[in-house]
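These notes are about the structure you will find just below.
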Amino acid sequence: MKPVLSHPLRLTDLPRTKPVHVRLVPDEGQLEALSDRLDVDVLRKVRLEGDLAALGKTDWLFQGQLGATIVQPCRVTTHPVTTRVDETLLRTYSATYETPEGEEAEMPEDDSIEPLPGVLDMGDVLEEALALVIPDFPRAEGADEIDLSVAPPGAEPIDDDKIKPFAALASLKARMDKDD
């Protein structure tokens, strides 16, 4: 899928002797499209800024900052929750990176290393980094936990203690200890 804010860099065309400064700031229309794509109510003040520099003879390193203000509904009250994120980004693009294969492939410990692309779209970097920092379960300040216990009429709702595998044994043991 093409990024909302495309900024492709052909790595073979970039100077290897000095870093290339990158600054992406989506306009209002792009922010709206990003909000829709990332399923949040509003995105404001989104900015990706940093330097892309040669690393050795073939690899590249991007060091930068992602900043954004995200508005999304509280998962408890549905009231809007505003979150400000300022995230440091570090991405190494390696010519020797090998993608793990197989059904049970182990992922490398260092998740900042990626395969070296011919063209690096910084818009993709912005979208991926933004998607990773959006809170999964935002909560409004003071939002209480919701008790969603349900039971048929006249029955007692099942609580966490009753569904624990050894709760019945603990209850039985307590009764036996009481009888002794």
Side-chain angles (χ1 to χ4, degrees), residues 1-76 78-141:
M1 182 183 303
K2 185 177 179 184
V4 170
L5 177 60
S6 185
H7 186 77
L9 299 173
R10 184 173 304 282
L11 297 176
T12 57
D13 294 345
L14 298 179
R16 296 193 65 80
T17 56
K18 65 178 183 165
V20 174
H21 190 72
V22 175
R23 186 172 200 272
L24 296 179
V25 180
D27 63 28
E28 197 170 311
Q30 291 165 328
L31 286 174
E32 192 173 310
L34 271 172
S35 296
D36 289 344
R37 185 175 284 182
L38 298 173
D39 197 28
V40 297
D41 291 346
V42 178
L43 286 172
R44 295 190 302 255
K45 300 179 185 176
V46 174
R47 176 187 47 80
L48 173 69
E49 190 163 7
D51 292 316
L52 182 63
L55 186 63
K57 293 184 179 189
T58 58
D59 299 345
W60 289 85
L61 175 68
F62 177 73
Q63 291 179 294
Q65 284 289 128
L66 172 70
T69 300
I70 305 159
V71 180
Q72 57 191 139
C74 171
R75 297 298 185 212
V76 175
T78 71
H79 293 112
V81 176
T82 302
T83 306
R84 178 67 194 170
V85 294
D86 289 298
E87 191 78 15
T88 299
L89 297 182
L90 179 67
R91 301 281 188 281
T92 302
Y93 300 96
S94 173
T96 59
Y97 180 84
E98 292 183 28
T99 305
E101 294 182 18
E103 288 182 32
E104 294 186 21
E106 282 193 41
M107 296 305 293
E109 280 188 37
D110 188 353
D111 63 356
S112 69
I113 299 175
E114 298 185 18
L116 180 70
V119 176
L120 175 61
D121 196 321
M122 296 307 294
D124 279 334
V125 174
L126 181 145
E127 282 188 37
E128 177 188 272
L130 191 54
L132 291 172
V133 298
I134 292 174
D136 291 329
F137 301 101
R139 296 180 56 94
E141 191 171 314

Side-chain contact, heavy-atom cut-off 4.5 Å: Asp51 with Val20?
no
Kindly compute the distance separating CD (Gln30) from CG (Leu43), expressed to the nearest 0.5 Å.
12.0 Å
Please find the pair of heavy atoms, one from Cys74 and one from Ala140, that lie closest to each other, and give the distance.
SG-N, 3.1 Å
Leu9 side chain near Leu14 side chain, heavy-atom distance below 4.5 Å:
yes
Would you say the side chain of Leu11 lies within less than 4.5 Å of the side chain of Leu116, judging by non-hydrogen atoms?
yes
Non-hydrogen side-chain atoms of Arg44 and Val42 separated by less than 4.5 Å
yes
Please report the shortest heavy-atom distance between Arg75 and Asp136, naming the atom on each side.
NE-O, 3.4 Å
Asp121 side-chain N/O to His7 backbone N/O, donor-acceptor pair under 3.5 Å:
yes
Polar contact flag, side-chain donor to acceptor under 3.5 angstrom, Thr96-Ser94:
yes
Return yes if some donor-acceptor pair links the side-chain N/O of Arg91 with the main-chain N/O of Val125 below 3.5 Å, else return no.
no
Please examine the side chains of Val4 and Glu127, heavy atoms only from C-beta on, and report whether any two atoms are closer than 4.5 Å.
yes
Distance-only, no hydrogens or angles: does the Arg47 side chain make a donor-acceptor pair with backbone N or O of Arg23 under 3.5 Å?
no
Between side-chain atoms of residues 60-73 and protein atoms elsewhere (two or more places apart, or another chain), which donor-acceptor pairs fall under 3.5 Å?
unit_1, atom_1, unit_2, atom_2, d
Gln65, OE1, Thr88, OG1, 2.6
Thr69, OG1, Arg84, NH1, 3.0
Gln72, NE2, Pro135, O, 3.4

Are Pro8 and Leu120 close enough that some pair of their side-chain heavy atoms sits under 4.5 Å apart?
no
Identify the two heavy atoms, one from Pro115 and one from Tyr93, that lie closest to each other, and give their separation to 0.1 Å.
O-CD2, 3.8 Å
Side-chain touch Ser35/Asp41, heavy atoms, less than 4.5 angstrom
no
